[in-house]
Peer 1: 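Here it is, the structure, as structure tokens.
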Amino acid sequence: MPLRGRSALRRIATRGTTMAVAATMAVITGLAAAPAVPASPSATGALRWAACDDPEKRGAECATLSVPVDWTHPDGPRLDLAVARRKATDPGARVGSMVFGPGGPGDSGVEMVVGRISRFSPEVRRRFDIVSFDPRGVGGSNPVTCSGALLAERPSPQLKSQADFDATLAYNRRLRADCRARTGPVFDHLDTGQTVRDVDALRAALGERKLTFHGSSYGTLLGAQYAETYPRRVRAMVLESVMDHSVQATRRFLQAEAATAEDSFHEFVKWCDGAAHCALHGRDVRAVWQSLLARAGRGELEHPAKPGTSLSASDLINKIAFRKFYEADYAGLATAIAGMAVSNPLPASPTSIAPLPPATPVFCSDWHLPVRDYKEYSSLVAMMNMTAPDLPYLLPIHMAAACLGAPTANPQHRLDVHGAPPILVSNALHDPATGYPWAVSVARQLGRSGVLLTYEGHGHGSVTSGPCMEDAVDSYLTDLAAPPRGTSCPAVPS
């Protein structure tokens, strides 16, 4: 397995987003602790597997798992978690069950197992029953439900005054009350601390003495906090594209997110400058992009997939550019930009603000990102736009606005893990959403348990990015053979 110079990796890790790492390493735990851990899982009944409803997805089985709405009151109201699995393709070589922690927040683990099983390597599919679930509040697990009309009234995150700030606070209160009334008691128990207990109940229901877990993106927060809560119940754990929950200050969190996003845009421009097959090769990529942002801001940019409808600047960034950044599909992004650049402008019209997903309450329950007033909010926006001039009003500032005034049940803290086996922390150097410095920080917080595996490429998700990464992860999951500390794998040419 290729090894790269550790000093070079340290230089890369500290470039551009150094302050994010320094900030996370300097923070001292000072927020509320998680609820007391029950002595044993409080799940009702065994998992009763049956073919999933979708007849086109043969081989997937579905079940439900009954768990307490509030794990601090295990004898209180309950909810059913939707669970799915695909059995190991080689029963004779089966190791056990591997639980996948979905991202988002708001992604469906059931949909992943039922419809996107190719996301996992052939060796993992051969050796493990792959199991996942819809986290509480998502999909088939008592989903958060809110008034569509009220969601459509969401104020723009581009606040202009203290009056706008106050109106957003008032709107957030109205929306939370509406969602709580429509969703039921689980609405107030959506934090990852509760989901950790759900995962342990799932482990027990699967008959596994110890948990084999793969968490991706937001699912890494779930995995890390499981290891913190139940360190001796971990068999193996992969944390891929890593969230660092120790970043307490609102400004530092938003700055880290802006810096890692801008890094991906910079990498895209650099790639296009050097790739003759880039659809924008030889042009000023940033100038073309800025012209699209300006047209989108005026409501003049046509949505490439919806002729006759306008594409907002927010959707141009978060739904087109970021999807390509996630996949490291720079050629596809360049082609999309080139096509929109020559499209005829629509008549100028106001662009609507897309509603945030109902899973936003999960994020608000896990992240305490206070903003005092409009003056501070305006300062945060200016900082983000200065840090990421090519990507104004990134999604994290939308989330911060949506969480104004919301209670936080599981606020940020440094990990405190004792007695866990090696935990594999995997990240690309150029991840658009979870920057490499976060992975460095989480690996350090895990102490002796943290093993950092670096993918020297791009994209959000890295465990199947070429044979080097895939072999390292497969060996760890199947044989508990963690790669040497400091291992890195070369980028796979796009």
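Note that the coordinates shown come from a computational prediction; the quantities given were computed from them, not determined experimentally.
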Peer 1: According to ring-ring contact (aromatic ring centres under 6.0 Å, His included), does anything in residues 121-157 pair up with another residue at least two apart or in another chain? List the pairs.
Peer 2: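 For residues 121-157, and leaving out neighbouring residues, there are no ring-ring contact (aromatic ring centres under 6.0 Å, His included) pairs at all.
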Peer 1: How long is the straight-line distance from OG of Ser216 back to CG of Asp107, given to the nearest 0.5 Å?
Peer 2: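 The CG atom of Asp107 sits 8.5 Å away from the OG atom of Ser216.
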Peer 1: Is it true that the side chains of Glu302 and Asn344 contain a donor and an acceptor less than 3.5 Å apart?
Peer 2: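 Per modelled atom types, Glu302 and Asn344 side chains form no pair under 3.5 Å.
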Peer 1: State, yes or no, whether a side-chain contact exists between Pro68 and Pro77 at a heavy-atom distance under 4.5 Å.
Peer 2: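 They are not in side-chain contact.
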Peer 1: Run Tyr330 and Lys324 through side-chain contact (heavy atoms from CB on, under 4.5 Å) and show every step you take.
Peer 2: CA-CA 7 Å; Tyr330 289 167; Lys324 299 299 185 182; over 6 Å; no
Peer 1: Test of understanding: with ring-ring contact (aromatic ring centres under 6.0 Å, His included), list the residues that count as partners of Phe325, not counting sequence neighbours.
Peer 2: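 By the ring-ring contact (aromatic ring centres under 6.0 Å, His included) rule, Phe325 matches Phe322.
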Peer 1: Is there a donor-acceptor contact under 3.5 Å linking the side chains of Arg78 and Ser66?
Peer 2: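 The criterion, which ignores hydrogens and geometry beyond distance, is satisfied for Ser66 and Arg78.
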Peer 1: Are any non-hydrogen side-chain atoms of Val138 and Pro135 less than 4.5 angstrom apart?
Peer 2: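 Answer yes - side chains close enough.
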Peer 1: Got a sec, which residues hit side-chain contact (heavy atoms from CB on, under 4.5 Å) with Thr309, two or more places apart in sequence or on another chain?
Peer 2: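 Listed in chain order: His303, Lys306.
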Peer 1: Identify the heavy atoms of Phe187 and Pro361 that sit nearest to each other, and give their distance.
Peer 2: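 Of all heavy-atom pairs spanning Phe187 and Pro361, the closest is CE1-CG, 3.6 Å.
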Peer 1: What pairs of residues pass the disulfide bond (SG atoms under 2.5 Å apart) test when at least one of them lies in residues 286-347, not counting sequence neighbours?
Peer 2: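 Those involving residues 286-347 do not exist here.
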Peer 1: For a side-chain hydrogen bond (donor to acceptor under 3.5 Å, both in side chains) check, start with the C-alpha distance between Ser462 and Ser426, then their side-chain angles and the critical distance, and finish with the verdict.
Peer 2: CA-CA 7 Å; Ser462 55; Ser426 167; 2.7 Å; yes
Peer 1: Kindly indicate whether the side chain of Leu292, heavy atoms from C-beta on, has any atom under 4.5 Å from the side chain of Arg295.
Peer 2: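 When only atoms from C-beta onward are counted, Arg295 and Leu292 do touch, with a gap below 4.5 Å.
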Peer 1: Please report the shortest heavy-atom distance between Asp431 and Ser264, naming the atom on each side.
Peer 2: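 Scanning both residues completely, I find the closest heavy atoms to be C-OG, 3.9 Å.
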Peer 1: When the ring planes of Phe265 and Phe268 are compared, do they come out parallel, tilted or perpendicular, using 30° and 60° as the limits?
Peer 2: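 Ring orientation, 0 to 90° scale: perpendicular.
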Peer 1: Holding to side-chain contact (heavy atoms from CB on, under 4.5 Å), I want the full list of residues that pass it with Ala402, two or more places apart in sequence or in another chain.
Peer 2: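 Scan of Ala402 (side-chain contact (heavy atoms from CB on, under 4.5 Å), adjacent residues dropped) gives Leu356, Thr360.
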Peer 1: Salt bridge between Glu376 and Arg251, side-chain N to carboxylate O under 4.0 Å?
Peer 2: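 Between Arg251 and Glu376 there is no salt bridge, as every charged N stays at least 4.0 Å from the carboxylate O atoms.
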Peer 1: When rounded to the nearest 0.5 angstrom, what distance separates NE2 in His189 from OG in Ser365?
Peer 2: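 Answer rounded to 0.5 Å: 10.0 Å.
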Peer 1: Only counting residues at least two apart or in another chain, list the ones meeting salt bridge (charged side-chain N to carboxylate O under 4.0 Å, His left out) with Arg126.
Peer 2: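 Expected list: Asp90, Glu123.
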Peer 1: Would you please name every residue forming a salt bridge (charged side-chain N to carboxylate O under 4.0 Å, His left out) with Asp178, sequence neighbours left out?
Peer 2: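 Checked Asp178 against salt bridge (charged side-chain N to carboxylate O under 4.0 Å, His left out); matches are Arg182.
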Peer 1: What is the minimum heavy-atom distance between Met243 and Thr434, and which atoms define it?
Peer 2: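 Smallest interatomic distance, heavy atoms only, reads SD-CG2, 3.8 Å.
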Peer 1: Taking only residues two or more places apart in sequence or in another chain, which ones pass side-chain contact (heavy atoms from CB on, under 4.5 Å) with Ala388?
Peer 2: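 Partners of Ala388 by the side-chain contact (heavy atoms from CB on, under 4.5 Å) criterion, ordered by chain and then number, come out as Ala258, Glu262, Leu391, Leu394.
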Peer 1: For Leu301 versus Ser343, what's the shortest heavy-atom pair and its separation?
Peer 2: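 Looking at all heavy atoms of both residues, the closest pair is CD1-OG, 4.4 Å.
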Peer 1: With the side chain counted from C-beta on, respond yes when Ile320 and Asp315 share a heavy-atom pair under 4.5 Å apart, and no when they do not.
Peer 2: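 They are not in side-chain contact.
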Peer 1: Should Leu150 and Tyr171 be marked as a side-chain contact (heavy atoms from CB on, under 4.5 Å) after you check the CA-CA gap, both sets of side-chain angles, and the distance that decides it?
Peer 2: CA-CA 9 Å; Leu150 189 55; Tyr171 171 82; 3.8 Å; yes
Peer 1: Quick check: closest heavy atoms across Leu452 and Ala443, and the distance to 0.1 Å?
Peer 2: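 Smallest heavy-atom distance, with atoms named: CB-CB, 4.1 Å.
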Peer 1: Can you run down the disulfide bond (SG atoms under 2.5 Å apart) pairs that involve residues 155-191, sequence neighbours left out, and say none if there aren't any?
Peer 2: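 Sorted pair list: Cys146-Cys179.
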Peer 1: Scan side-chain atoms only and decide if Glu327 and His460 contain a donor-acceptor pair under the 3.5 Å cut-off.
Peer 2: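 Their side chains do not contain a donor-acceptor pair, so the 3.5 Å distance test is not met.
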Peer 1: Just checking Trp271 against His458, ring centres under 6.0 Å apart?
Peer 2: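 Here the rings of His458 and Trp271 have centres that are no less than 6.0 Å from each other.
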Peer 1: Give the intermediate values and the outcome of side-chain contact (heavy atoms from CB on, under 4.5 Å) for residues Arg286 and Val269.
Peer 2: CA-CA 8 Å; Arg286 282 193 162 88; Val269 173; 3.8 Å; yes
Peer 1: Which of these, Val440, Val442, Thr220, sits in a side-chain contact (heavy atoms from CB on, under 4.5 Å) with Asp244?
Peer 2: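 Of all the options given, the one that passes is Val442.
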Peer 1: Do Glu61 and Arg86 sit within salt-bridge range, that is, some charged N less than 4.0 Å from a carboxylate O?
Peer 2: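 Salt bridge absent between Glu61 and Arg86.
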Peer 1: Applying side-chain hydrogen bond (donor to acceptor under 3.5 Å, both in side chains) to Glu240 and His214, what does each step give before you reach the verdict?
Peer 2: CA-CA 8 Å; Glu240 172 195 26; His214 173 190; 2.8 Å; yes
Peer 1: Show, in sequence, the C-alpha distance, side-chain angles and deciding distance for Asp366 and Tyr218, and conclude whether the side-chain hydrogen bond (donor to acceptor under 3.5 Å, both in side chains) test is met.
Peer 2: CA-CA 11 Å; Asp366 282 331; Tyr218 209 80; 2.7 Å; yes
Peer 1: For the residue pair Thr454 and Tyr436, confirm or rule out a side-chain donor-acceptor distance under 3.5 Å.
Peer 2: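 Side-chain D/A pair, Thr454 to Tyr436: present.
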Peer 1: What's the spacing between Met112 CE and Arg119 CZ if we round to 0.5 Å?
Peer 2: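 Spacing of CE (Met112) from CZ (Arg119) equals 5.5 Å.
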Peer 1: Between Thr192 and Asn410, does any side-chain donor sit less than 3.5 Å from a side-chain acceptor?
Peer 2: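 Per modelled atom types, Thr192 and Asn410 side chains form no pair under 3.5 Å.
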Peer 1: Excluding sequence neighbours, so at least two apart, what forms salt bridge (charged side-chain N to carboxylate O under 4.0 Å, His left out) with Lys270?
Peer 2: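 Salt bridge (charged side-chain N to carboxylate O under 4.0 Å, His left out) check on Lys270 returns Glu267.
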Peer 1: Taking ring-ring contact (aromatic ring centres under 6.0 Å, His included) as the test, write out the residues that go with Phe165, two or more places apart.
Peer 2: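 Result, ring-ring contact (aromatic ring centres under 6.0 Å, His included) vs Phe165: none returned.
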Peer 1: Working to the nearest 0.5 Å, report the span between SG of Cys278 and CG of Asp273.
Peer 2: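 It is 8.0 Å, given to the nearest 0.5 Å.
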Peer 1: Name the one of Asp191, Asp80, Asp198 that satisfies side chain to side chain donor-acceptor pair (under 3.5 Å) with Arg136?
Peer 2: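 Testing each of Asp191, Asp80, Asp198 against Arg136, the sole residue satisfying side chain to side chain donor-acceptor pair (under 3.5 Å) is Asp198.
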Peer 1: Looking just at side-chain N and O atoms, do Glu470 and Thr464 make a donor-acceptor pair shorter than 3.5 Å?
Peer 2: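 No.
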Peer 1: So, Phe100 versus Phe120, ring centres under 6.0 angstrom or not?
Peer 2: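 Ring centroids of Phe100 and Phe120 are less than 6.0 Å from each other.
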Peer 1: Using salt bridge (charged side-chain N to carboxylate O under 4.0 Å, His left out) as the criterion, list what pairs up with Asp188, not counting sequence neighbours.
Peer 2: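 Asp188 satisfies salt bridge (charged side-chain N to carboxylate O under 4.0 Å, His left out) with Arg180 only.
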Peer 1: Closest approach of Ala296 and Leu311, non-hydrogen atoms and distance?
Peer 2: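 It is CB-O, 3.3 Å.
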Peer 1: Rounded to the nearest 0.5 Å, what separates atom NE2 in His277 from atom SG in Cys272?
Peer 2: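 So the gap between those two atoms works out to 9.0 Å.
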Peer 1: I'd like to know whether Val99 forms a side-chain contact (heavy atoms from CB on, under 4.5 Å) with Leu202, so could you lay out the CA-CA distance, the side-chain angles of the two residues, the decisive distance to 0.1 Å, and finally the verdict.
Peer 2: CA-CA 9 Å; Val99 175; Leu202 178 58; 4.0 Å; yes
Peer 1: Looking only at side chains, do Ser246 and His413 share a donor and an acceptor under 3.5 Å apart?
Peer 2: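 No - no donor-acceptor pair under 3.5 Å links their side chains.
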Peer 1: Please round to the nearest 0.5 Å and tell me the distance separating atom NE2 of His368 and atom OG1 of Thr250.
Peer 2: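 Here the interatomic distance stands at 7.0 Å.
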